[in-house]
A.B. asks: 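This is the structure, below, for whatever I ask next.
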Number of protein chains: 2
Amino acid sequence: MTDTAQTSDPQTDPKTPALSPQDMVCFSLYSAVHAMTQAYRPHLEALGLTYPQYLVMSALWSAGEAPTVGMLSRQVQLESSTLTPLLKRLEAMGLLTRRRDAEDERQVRIALTDAGQSMQGRTSHIAGCIAEQSGMSVDELLALRDQVSRLRDNLRKG
Amino acid sequence: MTDTAQTSDPQTDPKTPALSPQDMVCFSLYSAVHAMTQAYRPHLEALGLTYPQYLVMSALWSAGEAPTVGMLSRQVQLESSTLTPLLKRLEAMGLLTRRRDAEDERQVRIALTDAGQSMQGRTSHIAGCIAEQSGMSVDELLALRDQVSRLRDNLRKG
DNA sequence: TTCGATTCTATCGTGCACGATAGATATGTG
DNA sequence: CACATATCTATCGTGCACGATAGAATCGAA
């Protein structure tokens, strides 16, 4: 993400002035994610979750039936090599179960336990806290979300 | 970032409908960073750098004189526990040197080697490639950068 | 100037995150 | 049925990223 404009020719001018991280779109995203993780931390520590774990739990709370690892992977955009150990940790905490699908034994279905289901109720205050801390209006946040999602989808296509 | 609006009361209604990751501002940022890292990967692999390493190199290219670890830490918003091993790897690649400051022996000053300096010239095309791949105009990207930076700074304050 | 407090970097342990790869199951073609 | 191909999850190695902590150097106040 040195992805802002450069007027001088990059091929002929070997001393193009360097873009500082502060100038780059990529750095704003990168540092915002870390700041967001820090903002979530106290809320999630009370639940014993990390941020990626919370993200997977959110996917499960909003899912209809027990999704497969592949379905989760596509939804949260993480590889199976990331998800498998993460899901094993959530299983060890007693929040979900992992079971081979009888129809297709290659797939593993993830189902919430009662403890996993009931945890959702203890997360409902978090959204408002973060939104307030963001110092932005709900409309601004929604617009930002849509812009960032559009950027992400375009980058994935390219 | 379940940080969009909830109309039902979170205290009295234990079954608040769950926000899917796709609804959350935090997830858009989180997934956009991963997409951005993937977009950078082919360009950075040619240089033998990871994205965080590239970020630190960018900070050094735009810095006036040899900054300390603490100065870099504040600029790229990473802890010394992250920077120290990262800087050691860049040192092992011959891109920079780490030396104790004579004035204040607690501090370590980071200076680019010739190889580190000259690498900058080979990065000048990357910005344009990513900007094009983003499918957004320069004005949109700059506006997005400023919005995301504002969000980050507000979250850091809270 | 002496010693308590602060500053600064490094170390350690845990948990992502990914590419490469393996291994098991399923599918399709003959 | 046989066998090549594809799909799906898991494993392994590398590199972040952070909190907690340690240890050295500096600063400050009596």
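Below, chains carry the letters A, B, ... as their sequence lines are ordered, and counting in each starts from 1.
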A.B. asks: For residues 68-76 of chain A, which residues have at least one heavy atom under 4.0 Å from DNA chain D?
C.D. replies: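 By residue number: A/Thr68, A/Val69, A/Gly70.
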A.B. asks: Between B/Asn154 and B/Leu151, is there a donor-acceptor pair closer than 3.5 Å when you use the side chain of the first and the backbone of the second?
C.D. replies: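 Not confirmed, B/Asn154 side chain does not pair with B/Leu151 backbone.
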A.B. asks: Tell me which of A/Arg100 and A/Gln38 sits closer to the 5' end of DNA chain D, going by the nucleotide each one is nearest to.
C.D. replies: A/Arg100
A.B. asks: I'd like a table of atom pairs between the protein and nucleotides 12-16 of chain D - only N or O on both sides, under 3.5 Å - with the distance next to each one.
C.D. replies:
from: D/dC16; atom 1: OP1; to: B/Thr50; atom 2: OG1; distance (Å): 2.7
from: D/dC16; atom 1: OP2; to: B/Gln53; atom 2: NE2; distance (Å): 3.0
from: D/dC16; atom 1: OP2; to: B/Arg89; atom 2: NE; distance (Å): 2.5
from: D/dC16; atom 1: OP2; to: B/Arg89; atom 2: NH2; distance (Å): 2.8
from: D/dC16; atom 1: O5'; to: B/Arg89; atom 2: NH2; distance (Å): 3.0

A.B. asks: Identify the pairs formed between an N or O of the protein and an N or O of nucleotides 23-27 of chain C at a distance under 3.5 Å, and give each distance.
C.D. replies:
from: C/dA26; atom 1: OP1; to: A/Glu105; atom 2: N; distance (Å): 2.9

A.B. asks: At less than 4.0 Å, is any side-chain N or O atom of A/Ser80 found next to OP1 or OP2 of D/dT9? Yes or no.
C.D. replies: no
A.B. asks: Any ion pair linking B/Arg145 and B/Glu140 (charged N to carboxylate O, less than 4.0 Å)?
C.D. replies: no
A.B. asks: Does B/Arg152 use its side chain to pair, donor to acceptor, with the backbone of A/Ser28 at less than 3.5 Å?
C.D. replies: no
A.B. asks: Whole angstrom is fine here: how far is it from CG in A/Leu44 over to C1' in D/dG19?
C.D. replies: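 Whole-Å distance recorded here is 15 Å.
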A.B. asks: Would you say the side-chain atoms of B/Thr113 pair up with the backbone N or O of B/Leu95, donor to acceptor, closer than 3.5 Å?
C.D. replies: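 Yes; at least one donor-acceptor contact below 3.5 Å.
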A.B. asks: Touch check for B/Arg109, heavy atoms < 4.0 angstrom, all strands: base, sugar-phosphate only, or nothing?
C.D. replies: nothing
A.B. asks: So does B/Leu72 get a backbone contact from the side chain of B/Gln75, meaning a donor-acceptor N/O pair under 3.5 Å?
C.D. replies: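 Absent.
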A.B. asks: Could you tell me how far apart A/Arg41 (CZ) and D/dA20 (C1') are, to the nearest whole angstrom?
C.D. replies: 12 Å
A.B. asks: In whole Å, I'd like the distance from the CD atom of B/Glu79 to the C1' atom of D/dT21.
C.D. replies: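 In whole Å, D/dT21 C1' and B/Glu79 CD are 13 Å from each other.
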A.B. asks: Ignoring hydrogens and geometry, is there a side-chain-to-backbone donor-acceptor pair from B/Thr37 to B/Val33 under 3.5 Å?
C.D. replies: yes
A.B. asks: Going by salt bridge (Lys or Arg N to Asp or Glu O under 4.0 Å), name the residues that satisfy it together with A/Asp101, two or more places apart in sequence or in a different chain.
C.D. replies: A/Arg109
A.B. asks: Short question: side chain of A/Trp61, backbone of A/Gly116 - any donor-acceptor pair under 3.5 Å?
C.D. replies: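 It does hold such a pair.
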A.B. asks: Distance check needed: D/dC8 P versus A/Leu83 CG, whole Å only.
C.D. replies: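 Rounded to the whole Å, the gap is 14 Å.
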A.B. asks: Side chains of residues 78-93 of chain A: which donor-acceptor pairs under 3.5 Å do they make with residues two or more places apart or in other chains?
C.D. replies:
from: A/Thr84; atom 1: OG1; to: A/Ser80; atom 2: O; distance (Å): 3.0
from: A/Glu91; atom 1: OE1; to: A/Arg98; atom 2: NH1; distance (Å): 3.2

A.B. asks: Please tell me if A/Lys88 has a side-chain N or O lying less than 4.0 Å from either OP1 or OP2 of D/dT9.
C.D. replies: no
A.B. asks: Tell me: CD of B/Gln107 to P of D/dA25, nearest whole Å?
C.D. replies: 14 Å
A.B. asks: Are side-chain N/O atoms of B/Arg156 and B/Gln77 paired as donor and acceptor at under 3.5 Å?
C.D. replies: yes
A.B. asks: Tell me every residue that passes salt bridge (Lys or Arg N to Asp or Glu O under 4.0 Å) with B/Asp146, counting only those two or more places apart in sequence or in another chain.
C.D. replies: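 Result, salt bridge (Lys or Arg N to Asp or Glu O under 4.0 Å) vs B/Asp146: none returned.
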